[in-house]
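Source: prediction; values computed, not measured. Labels below follow one simple rule: chain letters A, B, ... track the order of the sequence lines, proteins then strands, and each chain is numbered from 1.
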Amino acid sequence: MQLEKVYEPQRFEPHWAQWWIDSRLYQVDVKTADRTHVFSIVIPPPNVTGSLHIGHMLDHTIMDVAVRWHRMRGETTLWVPGTDHAGIATQMVVERQLAAEGLTRQGLGREEFERRVWQWKEEYGGRINEQIRREGASVDWSRERFTMDAGLSRAVRETFVRLWEKGLIYRGEYMVNWCPRCQTAISDVETTHKAIEGHLWQIRYRIQDSDESVSVATTRPETMLGDTALAVHPDDARYKHLIGKNAILPLLGREIPVIADAIVDPRFGTGVVKVTPAHDPNDFEMGQRHGLPFVKVIGEDARMTAAAGPYADLDRFEARKRVVTALEQSGELVKTEPYTVNVSQCDRCKTVIEPLVSTQWFVRTKPLAEKAMEAVRIGRIRFVPNDREVVFFQWMENIRDWCISRQLWWGHRIPAWHCRNCGRITVVRETPATCPHCHSTELEQDPDVLDTWFSSGLWPFSTLGWPEETEDLKTFYPTSLLITGFDILFFWVARMIMLGLECTGEVPFREVHMHGLVRDAERQKMSKTKGNVIDPLVVMDRYGTDALRIALLISAAAGADIALKENRIESARGFANKLWNASRLLFMNMERSAIATWAPGKARTSKSTEDLWIRERQNACSEAVNEALRTHRYHEATQALWDFVWHDFCDWYLEIKKLRFRENSGQDEQWTEALNVYESMLRLLHPFMPFLTEELWQRLMSVSEDKHLASISLADYPQPEEHVAQPHGFSKVQQVVTAARELRADHKLDPKQVFPATLKAKIAPDDLAAIASLAKLKFEQVGEGGFSRATADFELRIHAVAKNGASTPEARTRILKEIARLEELIASSERQLSDPVFLSRAPEKVVNGLRAKLAGYQAQLQKNKDLLGGE
RNA sequence: GGCCCCUUAGCUCAGUUGGUUAGAGCGCUUCGUUUACACCGAAGAGGCCGCAAGUUCGAGUCUUGCAGGGGCCACCA
């Protein structure tokens, strides 16, 4: 059995990725599955237009670790993959494609356009899934879903109708966020706010039939064309006398009333506001309260309407300039000052949002939010990290109704029909033939589609067959865990909780793990325009998928952003390389020692020092890893494995085993033990580095006597054992070797210098010398008792003889420094141990611990003094 | 304006319920190529754990204030 000299993951990663799928290893048969121990998780569906980015990679890697861990623990484990139809994004991609052909969607017509989008989806929509396969994500491809599938579309209609019937969906004319570029209404969470350096203009409005005038501050002067009132605070003494009078709208000369409304802050600006009910959310409400006319001067295309008189057809920002100029010329512009304006932008295209009044469909969110908050409050859903709950509650408590209609063509059509005859609306599951109210056949389906997040909000149960009571739904719902980025807490997580509770009466998942953002090496957000995007596909090609997984995982503290550096990935590949080479060593020596077969898991009979020790270390590692995974501390689990593999297994265990192999003294029981440890280590590592561990495990299994498992991913995950600790004296071996190495490094290897230690370990002095890279270690018996070369207890003095070099002042300096440090520690420990308050208050365990430490310091001090004493 | 998070080695970051020598990776210094690995090994240097006060026998860890950085939310024209 030989391993190639160089670790080249490209050679085997694609193979295993494909093999895992072909072998249907992760496909769950719900009929035969154990339903008492179930772990289920759904993938956050990536946009069907998307291609894999580093954020997906992190998300999927963490999920895959969790999934593989649970599966190896013997739970019935399901990971559902799928994609999201991504309304606006996909529509825009296809429209761009059409434009290249000189076509428009309007030209094609709705039906043909939808056909083209489906065609696009069939052609390109699989790309992201191919990339996910490459990651090694152990999803069940037989259960792949798409939000526009028939089944999921049915779930969408069912939900819509139910909410409508309960009065939780309504239709009405309100002010919404309108994106002039996307040509649709969007919800509040789809907007972002940005501070922009703008101006605050003051405009003079003349009061009718008087010499008086008032100044009004605004950041959007073009909206004055749609003003239908001025407003002051009812108690503002400066303006009380004007209430009820009329002002003259500059430029247009319209008469508008001066009204009183408590929303006006008398301390801001001049204390007078212009009221534009059709173009400002506050003014909209004032307009309703006071029955003001709504004059729409800006249209859906962000151009001025006919109502804007001479400014009609101008772009809104051009109109702003012209209005300002005109006001300046007419002398009605009182003041211009620089001002920071908070504008809202479309989250997708960054176009400045135009608040517009239009008829839309809304979800009444308050009642849903109440239930959602309750579920989190009583712990039916737990957030990791926990402090995200605060943000969740804060948002939920102030939640506003959710505008769910979109003026797009790609998406779930709203299941509502308008009767041309009686004008009434029918909301039903199946397309109606006649109007149930007037029996007319003149029905027309509402043209709008639903917000993409409406269907993704159903994802955890719609993918499992809801509203049917399927076996999948019964077995896997509620799902166990959701892993996703913090950035979609409101978009997706909150909506799933609300809709899940409403539709199924159950929480959609019991835990939510939210990871941070992957940033570039300088902590900048990655973006195409900045050109700092790390493409996971490129990294996987260059370093291997396992290396990228490890690099991400080792930094993945819950909630924390990750600054991904190239050298992190390099060192992660170094780790994989280390494991590869450790395996090479083992495999080569198996051949050399003519070890042809191996019986896995055989009773652990070897009592050699290093075997007892590594067993203990591995047990501790297993304990740490299992516990860390249980509590979603993936970075700690990874770190624990790294330390164990590199610094215990490779640096010490194999260094000693190597000597035994070389002497060809490795008996069968030692080989059994070494391979047991090695194989368990591969299993411990498997969720983290699935490819490399599968590759190595398969090679190892070729000589195994037990071949009943097809893949390491189906093997048991090592669990900590209860009583594995046996005295082995290995720490003494380490001490002796380390001390000898120190001496060697310092060239301070005068034979007069001695290092006293009690060594109780089955290891030969010559082997210690070899590990310490010394020509020779001389041991000298000090007390009574026998001394056998290989195994006895003995008091010894080491005379370390270097291969080269002589004693140096550096060593002396180092020892003196060490002595000073120890003396300080001893002094402070003694001080504390003589403090009666400490002795009476601190727990016994702590006091005894300190006493033991003090003794340790004193021994070390003596050792160092002895080292100097020889001079 | 409200809320949340962060500040630990030169850099990037870990550090669960407070427990007594604060860790990793990269970088740096010195040494080393013994047939697993130079994508390596060994030995080192490097830290008033942002500042100040408090609680405690004991604080990187808890409380308060301050300073700096980041984020989320918010209709103030």
[N]: pairing nucleotide in any strand, Watson-Crick or G-U under 3.5 angstrom:
| N | answer |
| --- | --- |
| B/rG68 | B/rC6 |
| B/rG27 | none |
| B/rU61 | none |
| B/rG47 | none |
| B/rG1 | B/rC73 |
| B/rU20 | none |
| B/rA14 | none |
| B/rA38 | none |

Atom-pair distance ([atom1] on [X]; [atom2] on [N]), nearest Å:
| X | N | atom1 | atom2 | answer |
| --- | --- | --- | --- | --- |
| A/Arg519 | B/rC6 | CZ | C1' | 12 Å |
| A/Asn581 | B/rA36 | CG | P | 10 Å |
| A/Asp643 | B/rG15 | CG | C1' | 13 Å |
| A/Ile562 | B/rU12 | CD1 | C1' | 12 Å |
| A/His647 | B/rC40 | NE2 | C1' | 13 Å |
| A/Phe587 | B/rA36 | CZ | P | 15 Å |
| A/Glu389 | B/rC3 | CD | C1' | 15 Å |
| A/Glu636 | B/rG23 | CD | C1' | 12 Å |

Look at all strands and tell whether [X] reaches a base, only sugar-phosphate, or nothing, counting heavy atoms closer than 4.0 Å.
| X | result |
| --- | --- |
| A/Pro836 | nothing |
| A/Lys853 | sugar-phosphate |
| A/His632 | nothing |
| A/Val6 | base |
| A/Glu570 | nothing |
| A/Trp201 | nothing |

- Message: I'd like to know if the side chain of A/Gln832 pairs up with that of A/Ser829 as donor and acceptor (distance under 3.5 Å, no hydrogens or angles considered).
- Response: no

What's the closest nucleotide to the [X] side chain, out of [options]?
| X | options | value |
| --- | --- | --- |
| A/Lys565 | B/rG41, B/rU20, B/rU12 | B/rU12 |
| A/Asn567 | B/rC26, B/rU20, B/rC5 | B/rC26 |
| A/Ser571 | B/rG25, B/rA24, B/rC37 | B/rG25 |
| A/Asp387 | B/rC5, B/rU21, B/rC39 | B/rC5 |
| A/Ala560 | B/rA14, B/rA36, B/rG41 | B/rA14 |
| A/Lys5 | B/rG41, B/rG19, B/rC37 | B/rC37 |
| A/Glu655 | B/rU21, B/rC40, B/rA36 | B/rA36 |

- Item | Along RNA chain B (nearest heavy atom to each residue), the more 5'-positioned of A/Arg568 and A/Arg573 |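 The 5'-side residue here is A/Arg568.
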
- Query: 5'-most contact on RNA chain B: A/Val390 or A/Trp580, nearest heavy atom basis?
  - Reply: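 This one resolves to A/Val390.
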
- Starting at CD1 of A/Ile62, measure out to CG of A/Leu629 and round the result to the nearest 0.5 Å.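 Separation between the atoms: 11.5 Å.
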
- In plain terms, say whether A/Arg630 and A/Glu627 are close enough for a salt bridge, that is, a side-chain N and a carboxylate O under 4.0 Å apart.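 Salt bridge: yes.
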
- Message: Check this for me, if you would: do A/Glu4 and A/Arg699 make a salt bridge, where the nitrogen-to-carboxylate-oxygen distance has to be below 4.0 angstrom?
- Response: yes

Side chain of [X], backbone of [Y]: donor and acceptor closer than 3.5 Å?
| X | Y | value |
| --- | --- | --- |
| A/Ser834 | A/Arg831 | yes |
| A/Arg549 | A/Phe688 | yes |
| A/Thr365 | A/Arg400 | yes |

- Message: Any side-chain N or O of A/His635 below 4.0 angstrom from OP1/OP2 of B/rG15?
- Response: yes

- Message: Counting only side-chain nitrogens and oxygens, does A/Tyr7 get under 4.0 Å of the OP1 or OP2 atom of B/rC39?
- Response: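 For B/rC39, OP1/OP2 do not have a side-chain N/O of A/Tyr7 under 4.0 Å.
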
Any N/O pairs under 3.5 Å between the protein and nucleotides 72-77 of chain B? List them or say none.
{"unit_1": "B/rA74", "atom_1": "N6", "unit_2": "A/Asn342", "atom_2": "ND2", "d": "3.0"}
{"unit_1": "B/rC75", "atom_1": "OP1", "unit_2": "A/Arg400", "atom_2": "NH1", "d": "3.0"}
{"unit_1": "B/rC75", "atom_1": "O2'", "unit_2": "A/Asn282", "atom_2": "ND2", "d": "3.4"}
{"unit_1": "B/rC75", "atom_1": "O2", "unit_2": "A/Asn282", "atom_2": "OD1", "d": "2.7"}
{"unit_1": "B/rC75", "atom_1": "O2", "unit_2": "A/Asn282", "atom_2": "ND2", "d": "2.5"}
{"unit_1": "B/rC76", "atom_1": "N3", "unit_2": "A/Asp265", "atom_2": "OD2", "d": "3.0"}
{"unit_1": "B/rA77", "atom_1": "OP2", "unit_2": "A/Tyr339", "atom_2": "OH", "d": "3.0"}
{"unit_1": "B/rA77", "atom_1": "O2'", "unit_2": "A/Ala217", "atom_2": "O", "d": "2.4"}
{"unit_1": "B/rA77", "atom_1": "N6", "unit_2": "A/Asp265", "atom_2": "O", "d": "2.4"}
{"unit_1": "B/rA77", "atom_1": "N6", "unit_2": "A/Phe268", "atom_2": "O", "d": "3.2"}
{"unit_1": "B/rA77", "atom_1": "N1", "unit_2": "A/Asp265", "atom_2": "N", "d": "3.2"}

- Message: Taking only the P atom of each, what is the distance from B/rC62 to B/rU17 in whole angstrom?
- Response: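 The same atom, P, in both gives a distance of 7 Å.
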
- Query: What integer number of Å spans the C1' atoms of B/rG58 and B/rU20?
  - Reply: 8 Å

- Intermediate values then yes/no, ring-ring contact (aromatic ring centres under 6.0 Å, His included), A/Tyr634 and A/His513: CA-CA 11 Å; A/Tyr634 301 96; A/His513 172 90; 5.4 Å; yes

- Message: Using the ring pair (Phe, Tyr, Trp, His ring centres under 6.0 Å) definition, which of the options A/Phe649, A/Phe644, A/Trp642 pairs with A/Trp646?
- Response: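 Checked A/Phe649, A/Phe644, A/Trp642 against A/Trp646; only one passes ring pair (Phe, Tyr, Trp, His ring centres under 6.0 Å): A/Trp642.
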
- Message: In the structure I gave you, are the side-chain heavy atoms of A/Glu695 and A/Pro9 within less than 4.5 Å of one another anywhere?
- Response: no

